[in-house]
Colleague: 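One structure follows; several queries about it will come next.
In what follows, chains carry the letters A, B, and so on, assigned in the order in which the sequence lines appear, proteins first and then strands, with residues in each chain numbered from 1.
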Protein chains: 2
Amino acid sequence: MERDRRVTPPPAKAERADLERRTGVALWRQIADRIRSEFISGADEARLPPETELATRFGVNRHTVRAAIAALVGEGALRTEQGRGTFIVRRGRLAYPITPRTRFSAGLEGQARERRTRMLRHTLEAATEEVARALALSPGASVVRIESLGAADGLPVSRATSWYDPQRFARFPEVYARTGSVTSALAELGVSDYLRASTLVEARHADPGDIADLALSPGAVVLVTRALNTDPEGAPIQYSITRFAADRVELRIDYPSGS
Amino acid sequence: MERDRRVTPPPAKAERADLERRTGVALWRQIADRIRSEFISGADEARLPPETELATRFGVNRHTVRAAIAALVGEGALRTEQGRGTFIVRRGRLAYPITPRTRFSAGLEGQARERRTRMLRHTLEAATEEVARALALSPGASVVRIESLGAADGLPVSRATSWYDPQRFARFPEVYARTGSVTSALAELGVSDYLRASTLVEARHADPGDIADLALSPGAVVLVTRALNTDPEGAPIQYSITRFAADRVELRIDYPSGS
DNA sequence: TCGAATTTGTGCGTATGTATG
DNA sequence: GCATACATACGCACAAATTCG
């Protein structure tokens with residue numbers, strides 16, 4: 001039996017300002033999210049309006065606004081001073097370029113003094129269907145799996161899982177651990193150049209692993225890319241899934257004019 | 001020991017396996033999100049595991065799992081049958097291609113039977129710094145602003161705000177409203193072709209406008225693109241900010257490198 | 001130096017929502 | 001469905017720090 005599933009019009013709005021109750025998301029968290037996007041992300045003001053004013057504006061109790069502010073202070077986005085006010089801690093977002101020649105460190109050059117990736121773990125495992133298809137292997141084939149963390153100026157920005165064909169790259173983990181650079185490691189293994197063939201971008205809530213490795217707070221948002229790198233002849237080299245902290249990074253896709 | 005009953009809770013860690021408590025996001029909603037991503041989005045199974053098994057896996061009470069399932073049934077992602085089980089209502093995620101020739105309807109061809117965009121509102125307003133820079137106008141210059149909604153098979157998937165230079169496109173809203181297609185409208189106004197010069201991708205929580213127009217639930221995630229379209233000579237035509245429902249759409253960036 | 005106004009910090013009682021068994 | 005415990009949200013009151021005339 002098909003139920004009334006109206007998709008187009010929103011299910012009757014709350015008469016109260018804007019926030020939705022009884023949705024499983026606490027008001028203080030909804031307010032924290034709105035303060036982030038309305039005052040912190042796009043903002044001109046260095047100071048947040050007083051708590052009483054925010055409470056009126058959002059139609060909630062001052063305690064509730066305070067809970068939201070406390071959460072944002074906890075993640076370092078705001079700073080409060082008794083008697084003076086609540087101030088915005090400004091931290092620019094990195095623009096990570098997605099191009100046919102995407103490279104971590106080179107891509108963030110000029111945006112952070114120090115950029116590096118670090119290998120956390122590596123194993124040999126059976127390829128999932130997704131990985132096998134990307135690397136043109138048969139499902140269940142053995143693949144090298146690498147977990148790494150990308151940081152800019154000491155702040156973690158990305159968390160990647162990547163896979164390589166061991167037939168060609170069995171020594172990759174060892175070389176990568178030594179050089180600390182995917183590009184150098186691949187060069188040493190005979191791949192002088194590689195190109196980004198395709199990138200899929202999605203977004204979701206941070207899972208517990210993201211929260212731990214990227215030092216996020218629960219409820220945070222991550223950008224997820226699934227990328228295939230090939231050699232100049234088009235043979236697959238590496239497939240990777242990378243999670244970026246969405247409040248620290250945005251992705252930039254440029255097309256050289258003329259196409 | 002006095003119990004901690006303060007309203008200001010946030011910075012607290014998880015003790016239980018995976019789900020985070022005290023985060024302002026109810027367990028049943030976190031579980032609903034995980035069922036969506038683990039069983040509904042990427043899945044092979046048509047049937048959800050039994051409630052008791054899910055309860056064990058997530059380390060929560062069966063009541064809590066039932067609340068999550070009830071929410072997903074409410075949004076049409078699951079269907080329960082007494083005595084038989086809980087079944088997944090399959091609706092794949094759309095892959096929205098970002099290319100030098102990005103077009104809404106053509107891009108989703110083959111993925112949805114019916115694709116269309118609809119203009120919600122249009123006004124003349126003063127350009128913000130961001131819009132002015134993109135369209136190569138001076139800040140504060142008058143610009144045409146258009147709000148539109150993109151839908152596939154009746155389900156809203158994107159919500160766009162776009163700006164045009166009124167010197168060249170004063171009649172755009174009228175023509176667009178009539179044709180229902182940006183490409184046709186531009187063609188009628190003398191722009192036979194246009195190219196995507198750059199795209200910036202970010203992700204954030206849905207704001208109340210997103211929740212209303214895209215029929216999302218609070219706490220949902222949206223993908224945001226900021227795009228500049230130019231004519232083949234490189235002169236700016238349109239600047240737009242588009243919000244995609246992240247659980248219905250992913251972005252695909254292809255580079256035809258080898259071909 | 002003083003006080004008044006403004007703003008953040010704290011406490012308590014109560015009602016409702018969420019999660020467990 | 002019931003009983004219990006904790007989390008969330010509200011309302012009210014007052015304390016502490018800062019600003020300003």
Colleague: Is it the case that the side chain of A/R66 and the backbone of A/N61 share a donor-acceptor pair, with hydrogens and angles ignored and the cut-off at 3.5 Å?
Modeller: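 Judged by distance alone, no pair lies under 3.5 Å.
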Colleague: So which one's nearest nucleotide on DNA chain C is more toward 5', B/V25 or A/P50?
Modeller: A/P50
Colleague: Is A/T80 close enough to C/dG9 that one of its side-chain N or O atoms is under 4.0 Å from OP1 or OP2 there?
Modeller: yes
Colleague: Specify the separation, in whole Å, of atom CG of A/L27 and atom P of C/dT18.
Modeller: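 Taking CG of A/L27 and P of C/dT18, I get 10 Å after rounding.
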Colleague: Counting distance only, does the side-chain N/O of A/D153 pair as donor-acceptor with the main-chain N or O of A/A112 below 3.5 Å?
Modeller: no
Colleague: How does DNA chain D look in dot-bracket notation if pairs are Watson-Crick or G-U with both distances under 3.5 Å, crossing ones as [ ], other-strand ones as |?
Modeller: .||||||||||||||||||||
Colleague: Take atom CZ of B/R66 and atom P of C/dT20, then tell me their distance rounded to the nearest Å.
Modeller: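 These atoms are roughly 14 Å apart.
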Colleague: Looking across every strand, which nucleic acid part, if any, lies under 4.0 Å from A/R79 by heavy atom: base, sugar-phosphate, or nothing?
Modeller: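 No contact at all - A/R79 keeps every heavy atom at 4.0 Å or more from the nucleic acid.
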Colleague: So, using salt bridge (Lys or Arg N to Asp or Glu O under 4.0 Å) as the criterion, who are the partners of A/D213 when residues are at least two apart?
Modeller: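 Partners of A/D213 by the salt bridge (Lys or Arg N to Asp or Glu O under 4.0 Å) criterion, ordered by chain and then number, come out as A/R159.
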Colleague: Considering only residues two or more places apart or on different chains, which pairs with a residue in residues 117-128 of chain A satisfy salt bridge (Lys or Arg N to Asp or Glu O under 4.0 Å)?
Modeller: A/E125-A/R145
Colleague: Under 3.5 Å, is there a donor-acceptor pair between the side chain of A/R248 and the main chain of A/S158?
Modeller: no
Colleague: From CD of A/E51 over to P of C/dT10, roughly how many Å is that when rounded to an integer?
Modeller: 11 Å
Colleague: Between atom CH2 in B/W28 and atom P in C/dG17, what is the gap in whole Å?
Modeller: 12 Å
Colleague: Excluding sequence neighbours, so at least two apart, what forms side-chain hydrogen bond (donor to acceptor under 3.5 Å, both in side chains) with B/E114?
Modeller: B/R116
Colleague: What N/O pairs connect the protein and nucleotides 18-20 of chain D at under 3.5 Å? Give each pair on its own line.
Modeller:
residue, atom, partner, partner atom, Å
D/dT19, OP1, A/R84, NE, 3.0

Colleague: For the pair made of CZ in A/R62 and C1' in D/dA15, what is the distance, rounded to whole Å?
Modeller: 11 Å
Colleague: Look at A/N61 and D/dG11 and indicate whether a side-chain polar atom (N or O) is within less than 4.0 Å of OP1 or OP2.
Modeller: yes
Colleague: Mind calculating the distance between NE2 (A/H63) and C1' (D/dC12) to the nearest angstrom?
Modeller: 8 Å
Colleague: So among B/V201, B/V249, B/V221, which one has a side-chain contact (heavy atoms from CB on, under 4.5 Å) with B/F244?
Modeller: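 Only match with B/F244 under side-chain contact (heavy atoms from CB on, under 4.5 Å): B/V249.
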Colleague: So, taking the atom named CG in A/L251 and the one named CD1 in A/I253, what distance separates them when rounded to the nearest 0.5 Å?
Modeller: 6.5 Å
Colleague: Just to confirm, is there a sub-4.0 Å distance from OP1 or OP2 of C/dT8 to any side-chain nitrogen or oxygen of A/T86?
Modeller: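 Looking at the OP1 and OP2 atoms of C/dT8, one of them is under 4.0 Å from a side-chain N or O of A/T86.
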Colleague: Write down the distance between CD (B/Q30) and C1' (C/dA19), rounded to a whole number of angstrom.
Modeller: 12 Å
Colleague: Under 3.5 Å, is there a donor-acceptor pair between the side chain of A/Q111 and the main chain of A/A95?
Modeller: yes
Colleague: Write down the distance between CG (A/L48) and C1' (C/dT6), rounded to a whole number of angstrom.
Modeller: 15 Å
Colleague: Residues in salt bridge (Lys or Arg N to Asp or Glu O under 4.0 Å) with A/R243, at least two apart?
Modeller: A/D210
Colleague: Is the phosphate of D/dT8, meaning OP1 or OP2, less than 4.0 Å from a side-chain N or O of A/T64?
Modeller: no
Colleague: Please tell me which of A/G24 and A/R47 maps to the more 5' nucleotide of DNA chain C, matching each residue to the nucleotide holding its nearest heavy atom.
Modeller: A/R47
Colleague: Give one of base, sugar-phosphate or nothing for A/T52, where a contact means two heavy atoms less than 4.0 Å apart.
Modeller: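 Nothing, no heavy atom under 4.0 Å.
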